[in-house]
Amino acid sequence: MMTQTARPASRHIAAALCAGLLAMFPAMSGAQDAATLSGVALDVADDNRFFTRTGGTLRDTLSFQGLVPGRLYTLATHLVNLTTNEQSGDVVTTVFTPGEPDGEVRIELPMQPNRTDFNIDLLVVSRIYEGEMDAAALAAADPVAALEDAQADGRVVQLHAVQGISVTARDAADGDQQLPSDGGTIIATVTHVNLVEGYDYTVWGQLLTPSGQTSGIYASVAQYTPVEKQGYLELSFEVPAGFDGLKLIPAVGLYHKKRVTLREDGSIEWLENAPAPIMIASGVSLEAPEQTIRIGVPFEEE
């Protein structure tokens, strides 16, 4: 009887010892805590979440927690159009082996041009799978960690549509298309479409003659941050005496603020190594009456 009761007791002791070892070394048993992902996706060109209509390259920097060191994993990333809820572009896969349970993996994927008339919000979806997998095998597999919530910080980027500006000009004194021969102030009204709310732009302009020659007269808004996609702002050009008999036309450009600087004389300069495009949109027509201001009596009208 004593021998029979001792055997199950020994089994209980052995089971307890095994359980203790597995608790101390979970990687040996294949057990692991639930893995998690977090990360921020940005435009490689200037480290913000906005892309021009021409597309570019997206960099996704992901932090993972709870993976098994030395085990092979596949990171799968794709974009989802939040307007249509459809996948945009191909799935990009990256195979990696973490050295620690917690770490970081960085990938890049292409952003296709936006050929629509509207800005597109894109959710960056990232999932990690055990083992090495190609795109075809992913559909039948369950991820060990996923980051696919549009409300999570740093996961939605915006691909711009065609952004544009148009310009009209008037005499600040009485609103007509003519200044006195001794000069005055020209107000250029710049109307914009498809800008990004909260994004910083620089609006800069100069006065040209109908032949395209510069007058050396500049005006700018160094930082313009629209609150709506469609809107307008005004530039004031101060015209001194000495332009009697000429016509002057505001030529205005819309620029990425972080890619240009304004000199002391009011002219504009592109920053060295600034990514293209520097200028997003321009508004000038050398023959448009709504943009042309007559100074005194133009020579050809005398």
Side-chain angles (χ1 to χ4, degrees), residues 42-59 111 113-114 117-121 156-170 172 185-209 212-240 248-286 288 290-293:
L42 298 171
D43 181 0
V44 166
D46 49 12
D47 285 330
N48 61 37
R49 70 179 192 91
F50 304 111
F51 291 79
T52 68
R53 64 182 183 275
T54 59
T57 301
L58 180 144
R59 180 182 61 246
M111 292 285 288
N114 182 2
D117 294 328
F118 306 97
N119 294 344
I120 300 173
D121 287 326
V156 176
V157 297
Q158 189 171 87
L159 184 58
H160 294 169
V162 175
Q163 297 173 299
I165 61 173
S166 59
V167 180
T168 58
R170 71 180 190 277
T185 302
I186 295 175
I187 300 295
T189 300
V190 183
T191 302
H192 61 75
V193 295
N194 278 336
L195 297 196
V196 178
E197 304 96 323
Y199 186 73
D200 294 334
Y201 300 88
T202 290
V203 183
W204 178 85
Q206 62 178 320
L207 296 180
L208 301 179
T209 67
Q213 294 179 320
T214 183
S215 65
I217 300 171
Y218 312 114
S220 63
V221 175
Q223 179 172 319
Y224 175 62
T225 308
V227 295
E228 295 182 349
K229 293 181 178 63
Q230 278 68 252
Y232 74 93
L233 69 155
E234 294 182 341
L235 298 179
S236 295
F237 295 89
E238 301 299 328
V239 180
L248 295 177
I249 303 158
V252 179
L254 176 72
Y255 301 82
H256 293 278
K257 179 184 182 299
K258 294 181 180 179
R259 304 182 189 184
V260 297
T261 186
L262 298 175
R263 301 187 184 99
E264 290 187 6
D265 65 355
S267 61
I268 196 167
E269 181 179 9
W270 297 4
L271 295 178
E272 185 177 1
N273 298 322
I278 305 292
M279 184 168 66
I280 301 167
S282 63
V284 58
S285 176
L286 297 178
E290 68 273 13
Q291 288 184 242
T292 303
I293 300 295

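Proximity of a side-chain donor or acceptor of Tyr201 to a complementary backbone N or O of Val196 within less than 3.5 Å is detected. Counting only distance, with no hydrogens or angles, the side chain of His192 and the backbone of Gly164 share no donor-acceptor pair below 3.5 Å. At distances below 3.5 Å, not a single donor-acceptor pair connects side-chain atoms of Gln223 with backbone N or O atoms of Asp200. With Asn119 contributing its side chain and Ala161 its backbone, the two residues share a donor-acceptor pair below 3.5 Å. Side-chain atoms of Trp204 come within 3.5 Å of backbone N or O of Gly266 as a donor-acceptor pair.
The minimum heavy-atom distance linking Pro275 with Ala45 is given by the pair CG-O, 3.4 Å. Minimum interatomic distance between Val167 and Gly283 (heavy atoms only, all atoms of both residues): CG2-O, 3.5 Å. Annotation for Pro240 and Ile217: closest pair CD-CD1, 3.8 Å, computed over non-hydrogen atoms. The minimum heavy-atom distance between Ile165 and Val252, with the atom names listed, is CD1-O, 3.5 Å. Nearest approach of Leu262 to Ala222, heavy atoms of both residues: CD1-CB, 3.9 Å. Here the shortest heavy-atom pairing between Ile280 and His256 reads CG1-NE2, 3.4 Å.
In this structure, OH in Tyr255 is found 8.0 Å from OG in Ser282, a value given to the nearest 0.5 Å. The CZ atom of Phe50 sits 10.5 Å away from atom CG of Leu42, with the distance rounded to the nearest 0.5 Å. Atom CZ of Phe118 sits about 8.0 Å away from atom CG of Asn194, to the nearest 0.5 Å. Separating the OG1 atom in Thr189 from the OH atom in Tyr232 is a distance of 7.5 Å, to the nearest 0.5 Å. Atom OG1 of Thr261 and atom CH2 of Trp270 lie 14.5 Å apart (nearest 0.5 Å). Note that OG1 of Thr209 and CD1 of Ile249 are 7.0 Å apart. Values are rounded to the nearest 0.5 Å.
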Chi angles and distances behind the side chain to side chain contact (heavy atoms under 4.5 Å, CB included) call for Val157, Asp43 = CA-CA 8 Å; Val157 297; Asp43 181 0; over 6 Å; no
Given the rule in the side chain to side chain contact (heavy atoms under 4.5 Å, CB included) test, do Leu248 and Ser215 qualify, once you have shown the distances and angles that lead to the verdict?
-> CA-CA 8 Å; Leu248 295 177; Ser215 65; 4.2 Å; yes
Apply side chain to side chain contact (heavy atoms under 4.5 Å, CB included) to the pair Met279 and Val260, showing each step before the final yes or no.
-> CA-CA 9 Å; Met279 184 168 66; Val260 297; over 6 Å; no
Decide yes or no on side chain to side chain contact (heavy atoms under 4.5 Å, CB included) for Thr185 and Glu238, but give the supporting numbers first.
-> CA-CA 5 Å; Thr185 302; Glu238 301 299 328; 2.8 Å; yes
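Counting heavy atoms from C-beta on, the side chains of Lys258 and Leu271 never come closer than 4.5 Å. Counting heavy atoms from C-beta outward, Asp121 and Gln158 have side chains that approach closer than 4.5 Å. Within the 4.5 Å cutoff, no side-chain heavy atoms of Pro250 are placed close to those of Leu235. Using a 4.5 Å heavy-atom threshold, the side chains of Phe51 and Leu58 count as touching. Using a 4.5 Å heavy-atom threshold, the side chains of Thr52 and Pro277 count as touching. For the pair Leu254/Leu195, a side-chain contact is recorded, criterion being any heavy-atom separation below 4.5 Å from C-beta on.
A salt bridge links Asp46 to Arg259: at least one charged side-chain nitrogen sits closer than 4.0 Å to a carboxylate oxygen.
Enclosure of atom CD in Gln230 by more than 12 non-hydrogen atoms of other residues, nucleotides or ligands within 6.0 angstrom is indicated.
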